[in-house]
Novice: 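Dropping the structure in here first, questions after.
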Amino acid sequence: MSLDNTNILEMHNISKAFPGVQALKDVSFQLKPGTVHALMGENGAGKSTLMKCLFGIYKKDDGEINLNGEIANFKSSRDALESGVSMIHQELNVVPDQSVMENIWLGREHTLRIGPFHLVNHKRMASETGKLMEQLEMEIEPRGRMGSISISHQQACEIAKAVSYNASVVVMDEPTSSLSEKEVNHLFKIIRRLRSQNVAVIYISHKMSEIFQIADEISVMRDGEMVATAPAKELDEDKLINLMVGRDMSQRFPTVEAIPGKVEMQVKNLTSADENSFKDVSFDLRRGEILGIGGLVGAQRTELVESIFGLRPVVEGSVTIEGNDIGIQTVKDAIASGMGLITEDRRGAGIFPLLNITENTSMPSLDRLTNKAGLIDHKTLLKQSREMNEKFKTKTPTMETPIKSLSGGNQQKVIVARWMMTLPEILIMDEPTRGIDVGAKYEIYCIMADLAKAGKSIIMVSSEMPELIGMSHRIMVLCAGRKTGILKGEERTQENIMRLAAMFGHDDFKEEDAS
Ligand SMILES: Nc1ncnc2c1ncn2[C@@H]1O[C@H](COP(=O)(O)OP(=O)(O)OP(=O)(O)O)[C@@H](O)[C@H]1O
Ligand SMILES: [Mg+2]
């Protein structure tokens, strides 16, 4: 039997409103079996909401969903899973205190009957999980505690879980946001295998290059509406961006006009207290300079910048600002010395989910906006919070909306706004544009360029080569916790970054090359 021309899933005229936002307007979507269908669109366009309506997490206001030609109205995600629709969520929802296998089989544990008792059959669960991991070529210990494995492994477990349901439709909402390149390739292998088994995959991502590697078809949403669906081979990056943002974006990076001035910060021989982390890292950061930090996942870039910011202990080395050893011990010290850090893990550590946009934006600026009598200057606080979010075009009904009801990318914009509002002299940005759409990326780049022009110093950790090259004056590369080199001017090429990123431990690595 050939299903080639039949859609496995059809969504007709779906509408969904939240207080103050019409998140979906009359959206229709068709999915063929055995295809990878990318769903693209700016932050807040409605991608996750559409998928959550399918999955029974949100109740649609209007419209009809057909699965295999039958009306599907899932009341819960359990319902959806049992009908063969699984979803890997943008926000990981794992139970950290349970084991990997318990997370995967949650709610459908294998049981063992002993007299009147039903006991969880841990042995069987472990062997089934082991088989699943083997089938997916994942090296994850079934009995390991979920909270103790890396974010990327947690994400891999979510994928394993989705696969374990033998789904005919698998939704992946930004599955690669915290995966390394190797893991991404592995995921693609899994996706291709699913496709060859006639499974349909809906793939949501802001990473353009991924889309063209994996997608057969592409649908684009804008402001809650479906604006186009086309075979991937009929589109290219420029056409796709045009559909997403509704205008041409010939320029991906603004010109960085700033010319670095005198040295603002000096990091000397910094060595982490964790012996598996970074060691003996030295570099200068000038006023008006954007210093990129490149490297592969595991290069210890985040650990380095978090240590500079007082979040992790060091055993050796110094950080001086304008010649003074500031001896940063805590985050408070760092903020007081004029630093700001936009963390990589914005969804976990970055947001206060129940607090509103104003509160989430202004938190670290409270000290600055409190007078000697201890009174907070609310007027300025509200004004600056609003202005910062307007600058980034944060899409929210009001400033009083709790941050958790914003789309993933918009939550990230609030966190960027938060640290901009502290008016830092030295801004450290760890993967600042991860999960952020192309239009908003450009806004962030412009702000970086403006800050540099105003004499501020910026450190940007990034895994995106074009961003490192397009925005940094110099690029420092780390490999396995060692600085393997600094690239400037014409040296800043993808090849050079890759070479340095894989260098440590190779015969051609010499300490002196790294200066
Ligand atoms: N639970 C909710 N309560 C209120 N508003 C919501 C809720 N979920 C989503 N929204 C709003 O609906 C709109 C669409 O959000 P959605 O999360 O679907 O966007 P998205 O396309 O997935 O964006 P991103 O790329 O940033 O993940 C946004 O304006 C968002 O603020
Ligand atoms: Mg989303």
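No hydrogens, no waters, no symmetry mates; every other heavy atom, side chains included, goes into these values. Please read all numbers here as calculations on a predicted model, not as lab measurements. Counting convention: from 1, in listed order, for ligands and their atoms alike.
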Novice: Between Asp26 and Asn13, do the side chains contain a donor N or O and an acceptor N or O under 3.5 Å apart?
Specialist: yes

Novice: Does Lys52 have a non-hydrogen atom less than 4.0 Å from ligand 1?
Specialist: no

Novice: Is there a side-chain contact between Gln384 and Leu369, using heavy atoms and a 4.5 Å cut-off?
Specialist: yes

Novice: Can you figure out which of Ser405, Ala17, Ala23, Gly44 has its heavy atom closest to atom 12 (O) of ligand 1?
Specialist: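 That would be Ala23.
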
Novice: Can you label the angle between the Phe55 ring and the His89 ring as parallel, tilted or perpendicular, going by 30° and 60°?
Specialist: perpendicular

Novice: Ring centroids only, cut at 6.0 angstrom: are His37 and Phe29 within range, meaning strictly under it?
Specialist: yes

Novice: Ignoring hydrogens and angles, write down the donor-acceptor pairs under 3.5 Å from the side chains of residues 352-363, residues two or more places apart or on other chains.
Specialist:
{"from": "Asn356", "atom 1": "OD1", "to": "Thr358", "atom 2": "N", "distance (Å)": "3.0"}
{"from": "Asn356", "atom 1": "OD1", "to": "Glu359", "atom 2": "N", "distance (Å)": "2.8"}
{"from": "Thr358", "atom 1": "OG1", "to": "Met399", "atom 2": "O", "distance (Å)": "3.4"}
{"from": "Glu359", "atom 1": "OE1", "to": "Asn356", "atom 2": "N", "distance (Å)": "2.9"}
{"from": "Asn360", "atom 1": "OD1", "to": "Phe352", "atom 2": "N", "distance (Å)": "3.0"}
{"from": "Asn360", "atom 1": "OD1", "to": "Arg418", "atom 2": "NH2", "distance (Å)": "3.3"}
{"from": "Asn360", "atom 1": "ND2", "to": "Phe352", "atom 2": "O", "distance (Å)": "3.0"}
{"from": "Asn360", "atom 1": "ND2", "to": "Leu355", "atom 2": "O", "distance (Å)": "3.1"}
{"from": "Asn360", "atom 1": "ND2", "to": "Asn356", "atom 2": "O", "distance (Å)": "3.2"}
{"from": "Thr361", "atom 1": "OG1", "to": "Ile357", "atom 2": "O", "distance (Å)": "2.6"}
{"from": "Thr361", "atom 1": "OG1", "to": "Asn389", "atom 2": "ND2", "distance (Å)": "3.1"}
{"from": "Ser362", "atom 1": "OG", "to": "Thr358", "atom 2": "O", "distance (Å)": "2.8"}

Novice: Using a strict 4.0 Å cut-off to heavy atoms of Ser48, name the atoms of ligand 1 that fall inside it.
Specialist: 17 (O), 18 (O), 20 (P), 22 (O)

Novice: Counting from 1, what ligand 1 atoms have a heavy atom of Leu406 closer than 4.0 Å?
Specialist: 31 (O)

Novice: For ligand 1 and Gly409, I'd like to know whether there is a polar contact (N/O to N/O, distance under 3.5 Å).
Specialist: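 Gly409 vs ligand 1: N/O contact under 3.5 Å present.
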
Novice: Can you tell me if Lys16 contacts ligand 1 (heavy atom of the residue under 4.0 Å from the ligand)?
Specialist: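 It does not; every heavy atom stays at 4.0 Å or beyond.
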
Novice: Below 3.5 Å, N or O to N or O, backbone or side chain included: is there any such pair between Leu50 and ligand 1?
Specialist: no

Novice: Before signing off on this row, confirm whether Ala45 and ligand 1 have an N or O atom pair separated by under 3.5 Å.
Specialist: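 Such a contact does occur with ligand 1.
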
Novice: With sequence neighbours excluded, give me every ring-ring contact (aromatic ring centres under 6.0 Å, His included) pair touching residues 56-87.
Specialist: Phe18-Tyr58

Novice: Counting each atom of ligand 1 from 1 as listed, which ones have a heavy atom of Glu42 under 4.0 Å away?
Specialist: 21 (O)

Novice: Could you pull out, from Asn43, Asp173, Ile436, the option with a heavy atom nearest to atom 24 (P) of ligand 1?
Specialist: Asn43

Novice: Under 4.0 Å from any heavy atom of Val21, which atoms of ligand 1 are there?
Specialist: 29 (O)

Novice: State which residues pass side chain to side chain donor-acceptor pair (under 3.5 Å) with Lys383; sequence neighbours excluded, sorted by chain then number.
Specialist: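 Partners of Lys383 under the side chain to side chain donor-acceptor pair (under 3.5 Å) test: Glu387.
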
Novice: Please determine whether a side-chain nitrogen of the Lys or Arg among Lys391 and Glu443 lies less than 4.0 Å from a carboxylate oxygen of the Asp or Glu.
Specialist: no

Novice: Strictly under 2.8 Å, how many protein N, O or S atoms lie near the Mg ion (ligand 2)? Waters don't count.
Specialist: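 Excluding waters, the total comes to 2.
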
